[in-house]
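Just below is one structure, and these are the notes that go with it.
For ligands, and for the atoms within them, numbers begin at 1 and follow the listed sequence. Owing to the predicted nature of the structure, the values given are computational and were not obtained by experimental measurement. If you read the sequence from its start, that first residue is 1, and numbering goes on from there.
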Amino acid sequence: MSFPVYLIGARGCGKTTVGKLLACQLSYYFCDTDQQLQQQLEQSIADYVAQHGWGNFRQQEHQALLTVSSDSTVVATGGGIILRDDNRQHMREAGTVIWLSVDPHVLVNRLTADPEIGQRPTLTGKPITEEIFDVLQKRLPLYQQAAHHTIDANQPPEKIVIDILTVLSRDSLTA
Ligand SMILES: Nc1ncnc2c1ncn2[C@@H]1O[C@H](COP(=O)(O)OP(=O)(O)O)[C@@H](O)[C@H]1O
Ligand SMILES: O=C(O)C1=C[C@@H](OP(=O)(O)O)[C@@H](O)[C@H](O)C1
Ligand SMILES: [Mg+2]
């Protein structure tokens with residue numbers, strides 16, 4: 001059975017980028033909870049959060065996670081998916097959870113180069129490249145608790161995909 005593969009990690013760790021490449025290599029579908037949400041809501045995350053707040057966003061995000069969770073699918077989640085217990089439990093039980101672990105200074109460089117501010121409004125009121133250190137510090141235990149595997153994602157996307165395929169093949173051999 002080809003269960004879903006969930007990519008988790010901080011903003012800018014490469015969930016969307018690596019997810020597309022990984023899906024291609026696995027001949028899986030690719031879904032992104034942020035893209036799913038913005039299409040369904042017909043507005044950017046920034047606009048939705050400005051109007052309805054983060055609490056309502058997290059409820060929408062939970063529903064998007066359930067919607068895109070299907071067999072033979074690579075799911076790129078949003079960086080805050082791990083905040084809800086039910087999201088962490090769902091992903092761990094429904095499929096394989098891969099944490100793309102990236103050094104915060106590398107995240108700063110990537111988010112500076114490509115902030116995608118419509119999708120990534122500030123979480124704390126600080127600029128997203130400043131808040132990343134505190135946000136990541138608070139979320140580390142949740143990424144660790146949710147993940148079946150941790151991958152060093154400070155590398156080029158293609159190398160990350162190779163490392164993910166290696167752990168997935170080990171899983172299938174020991175299943
Ligand atoms: N492994 C990587 N090496 C260098 N740049 C990367 C890597 N993964 C993603 N990026 C770049 O970082 C930015 C954020 O990537 P993205 O896939 O949107 O991350 P996420 O979905 O985790 O927020 C994009 O500009 C992307 O091109
Ligand atoms: O870290 C977070 O709480 C968020 C990360 C974003 O997704 P990416 O991690 O794909 O940027 C997006 O879901 C939203 O801005 C909230
Ligand atoms: Mg993304």
Which heavy atom in [X] sits nearest to a heavy atom in [Y], and how many Å separate them?
X    : Y    : value
L83  : R88  : O-NH1, 3.6 Å
S101 : N154 : O-ND2, 3.7 Å
T73  : V68  : CG2-O, 3.9 Å
A23  : F30  : CB-CB, 3.8 Å
S69  : H90  : OG-NE2, 2.9 Å
P4   : A94  : CD-O, 3.3 Å

Identify the closest protein heavy atom to [atom]: which residue and atom is it, and at what distance?
atom                    : result
atom 11 (O) of ligand 2 : R120 NE, 2.6 Å
atom 24 (C) of ligand 1 : D114 OD2, 3.3 Å
atom 4 (C) of ligand 2  : R11 NE, 3.5 Å
atom 1 (O) of ligand 2  : R139 NH1, 2.7 Å
atom 19 (O) of ligand 1 : G14 N, 3.2 Å
atom 4 (C) of ligand 1  : R110 NE, 3.7 Å
atom 27 (O) of ligand 1 : T17 OG1, 4.0 Å
atom 15 (O) of ligand 2 : Q119 O, 2.6 Å

| query | Does ligand 2 have any atom sitting under 4.0 Å from a heavy atom of R58? | reply | yes
| task | Using the six-membered ring wherever Trp is involved, compare the ring planes of W99 and Y143 and label them parallel, tilted or perpendicular (cut-offs 30° and 60°). | result | parallel
| Parallel, tilted or perpendicular for W54 and F57, by the 30°/60° rule? | perpendicular
| field | Contact (N/O only, under 3.5 Å) between G79 and ligand 2 | value | yes
| task | Give yes or no for whether the N/O distance cutoff of 3.5 Å, strictly under, is met between W54 and ligand 2. | result | no
Show which atoms of ligand 1 fall inside a sub-4.0 Å distance from at least one heavy-atom site of [X].
X    : value
E116 : 18 (O)
G12  : 14 (C), 19 (O), 20 (P), 22 (O), 23 (O)
I160 : 1 (N)
Q155 : 1 (N), 2 (C), 3 (N)

Which pairs of donor and acceptor atoms, one on a side chain in residues 107-114, lie under 3.5 Å apart (sequence neighbours left out)?
unit_1, atom_1, unit_2, atom_2, d
N109, ND2, H105, O, 3.4
R110, NH1, G12, O, 3.1
R110, NH1, C13, O, 3.2
R110, NH2, A153, O, 2.9
T112, OG1, V108, O, 2.6

| Side-chain donor-acceptor contact under 3.5 Å, D171 with H149 | yes
| request: Determine whether the side chains of T33 and E61 contain a donor N or O and an acceptor N or O closer than 3.5 Å. | output: no
With a 4.0 Å cut-off on heavy atoms, is [X] touching ligand 1?
X    : answer
P157 : yes
C13  : yes
R120 : yes

| Looking only at heavy atoms, is any part of V18 under 4.0 Å from ligand 1, and if so is it the side chain, the backbone, or both, or is it neither? | neither
| task | For ligand 1, indicate whether the residue A10 contacts it via side chain, backbone, both or neither (heavy-atom separation under 4.0 Å). | result | backbone
| request: Between L111, D34, I132, V135, flag the one that comes closest to atom 6 (C) of ligand 2 by a heavy atom. | output: D34
| field | Within-2.8 Å protein N/O/S contacts of the Mg ion (ligand 3) | value | T16 OG1
| task | Inspect the surroundings of CD in E42 and state if more than 12 heavy atoms from other residues, nucleotides or ligands are less than 6.0 Å away. | result | no
| Within 6.0 Å of OH in Y29, more than 12 heavy atoms from elsewhere | no
To the nearest 0.5 Å, what is the distance between [atom1] ([X]) and [atom2] ([Y])?
X   : Y   : atom1 : atom2 : value
Q51 : L41 : CD    : CG    : 10.0 Å
R84 : L65 : CZ    : CG    : 9.5 Å
F3  : D71 : CZ    : CG    : 6.5 Å
Q39 : Q36 : CD    : CD    : 6.5 Å

| said: Under a 4.0 angstrom heavy-atom cut-off, which atoms of ligand 2 come close to F57? | reply: 13 (O)
| message | Is there a polar contact, in the sense of an N or O pair closer than 3.5 Å, between T16 and ligand 1? | response | yes
| said: Does this structure show an ion pair linking D163 with K159, if we count only N-O contacts that are shorter than 4.0 Å? | reply: yes
| said: At under 4.0 Å between heavy atoms, is it the side chain or the backbone of D32 that contacts ligand 2, or both, or neither? | reply: neither
